[in-house]
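Positions are given from 1, in the same order as the sequence printed here. Just so you know, ligand 1 is whichever comes first in the structure, and atom 1 is the first atom listed for that ligand.
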Amino acid sequence: MGDTIKYLLEEDQIPKYWYNIAADMPEAPPVLHPGTGQPIGPDDLAPLFPMELIMQEVSQEREIEIPEPVRDIYRQWRPTPLYRARRLEKELDTPAKIYYKYEGVSPTGSHKPNTAVPQAFYNKEAGVKNIATETGAGQWGSSLAFAGKIFGINVKVFMVKVSFQQKPYRKALMETFGAECIASPSDQTQSGKAILAEHPDSTGSLGIAISEAVEVAATNDDTKYALGSVLNHVLTHQTILGQEAMIQMDMAGDYPDILVGCTGGGSNFAGLCFPYIGAKLRGGPDVKVVAVEPAACPTLTRGEYAYDYGDTAHLAPMVKMHTLGSAFVPPGFHAGGLRYHGMASQISQLQEMGMLEAKAYHQNTCFEAGVQFARAEGITPAPEATHAVRGAIDEALKCKEEGVGKTILFNLCGHGHFDMQAYIDYFAGKLKDEDYDQDELAMALAGLPKVAAE
Ligand SMILES: *Cc1c(COP(=O)(O)O)cnc(C)c1O
């Protein structure tokens, strides 16, 4: 066999169900009302989400059927390929086998449309006309813009200001799909105005942008809200990629010893790992699971496992999760998709259960890995994805040291074609390896809500 080894599936092998890991986990800590601190029910979320998505959010069913119209749109780019990184293995001179699932073949170049399409679909079924959302790097905004256009829904995107300025192409892509893109903090909402009054030069954060979008949805009857990560139903939708990967690894005649994914809010990581973790929870094969995050926004490695607000203005529900505090604003580093102050509740709970290992890396070492990967495999990873590449390469180098040939599977969650400025800055030696600010973090953590349920 040559060095190009890929595993392709037929269209009719697109999974018919999403996998819901809640069915295989201990009971989750309740979600709390941001004002009263009391557990909330489906009706409390109804102003923000269509009921079908709320029911998925609280579902205990292991399998959730994928509606046929959603599968039909998935067919445009799914099943996605799984590759064996033979040339990278040779370059590293490692006895490990390295596989990667490639989600960059989607219309917007990442895994995000896997959930944008069903979210737009369920909103359309519920008669919703407008969706407000936030975006960090612009991956989610452009994905929801694409999905909204397909189902005839207007999409308004609050984009974190630092990314809005750094990534004009992502804004143009959203506008190409017919969406409106606004720099956040903006003067269109009370939450945005409050931030601007205090910090006129604020470069924004996901927490602030979420507040703006939630406010627009909560104060307009014809508008709902959508989130591209963190929530249970989002993680569930992403399992389509991990289920495909399982079939493809079967085709390869291998089972992963090690899984690696990058974690922002946790959705692409969950997409790859949850089907495997679920198998393990049901008594299946053991697998080491590595979550890689940026040292500048180290939710899993440095955050506290506590109840926190999902957004800066405390409009979104409180969730028990690993958090840096909802007031935390990470330094402006380039992996814009990895800047959220919290981690998905289910992933946080799995870490507490000892089901995963978390690692934090600085950005220069991640770009170094990204460039090495691109030169070997011909795909330029998104800045977020370089974290997974770094993690996978380090596992492969450890195999070399130990002289053991393990099987590594990582998620290449997106390509970096809209992020080449970050590569330009890397080549020019302009990327700073920033740590989170210890004092600011301590302040943000001191602001964690006091919650009776704990
Ligand atoms: C949004 C995004 C991320 C971070 O979000 P997760 O929910 O953690 O997956 C990572 N990589 C890419 C390419 C993204 O677009």
Students often mix this up, so state it plainly: with edges at 30° and 60°, are the rings of W18 and H237 parallel, tilted or perpendicular?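 Ring orientation of W18 relative to H237: tilted.
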
What class does the angle between the rings of F373 and F410 fall in, given that below 30° is parallel, 30 to 60° is tilted and above 60° is perpendicular?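 Judged by the thresholds at 30° and 60°, the geometry between F373 and F410 is perpendicular.
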
Near S229, which atoms of ligand 1 are under 4.0 Å from a heavy atom of that residue? 6 (P), 7 (O)

Find all atoms of ligand 1 within a distance of less than 4.0 Å from any non-hydrogen atom belonging to G266, and give their numbers and elements. 6 (P), 7 (O), 8 (O)

Residue part near ligand 1, for K112, under 4.0 Å between non-hydrogen atoms: side chain

Part of T263 with heavy atoms under 4.0 Å of ligand 1, whether side chain, backbone, both or neither: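 Near ligand 1, T263 shows its backbone, while the atoms from C-beta on stay back.
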
Of Y361, Y426, F427, the residue whose pairing with F367 passes ring pair (Phe, Tyr, Trp, His ring centres under 6.0 Å):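 Filter result, single survivor: Y426.
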
Mind checking whether A385 has a heavy atom under 4.0 Å from ligand 1? no

Compute the minimum heavy-atom distance from H111 to ligand 1 and say whether it is under 4.0 Å. yes

Heavy-atom distance to atom 11 (N) of ligand 1: which of C413, G265, A137 wins?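 It is C413 that holds the nearest heavy atom.
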
Ring centroids only, cut at 6.0 angstrom: are Y255 and Y276 within range, meaning strictly under it? yes

Check W77 against I73 and note the closest heavy-atom contact, atom names and distance. CZ3-O, 3.5 Å

Return the minimal non-hydrogen interatomic distance between T312 and G207, and the atom names on each side.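 Reported closest heavy-atom pair: OG1-C, 2.9 Å.
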
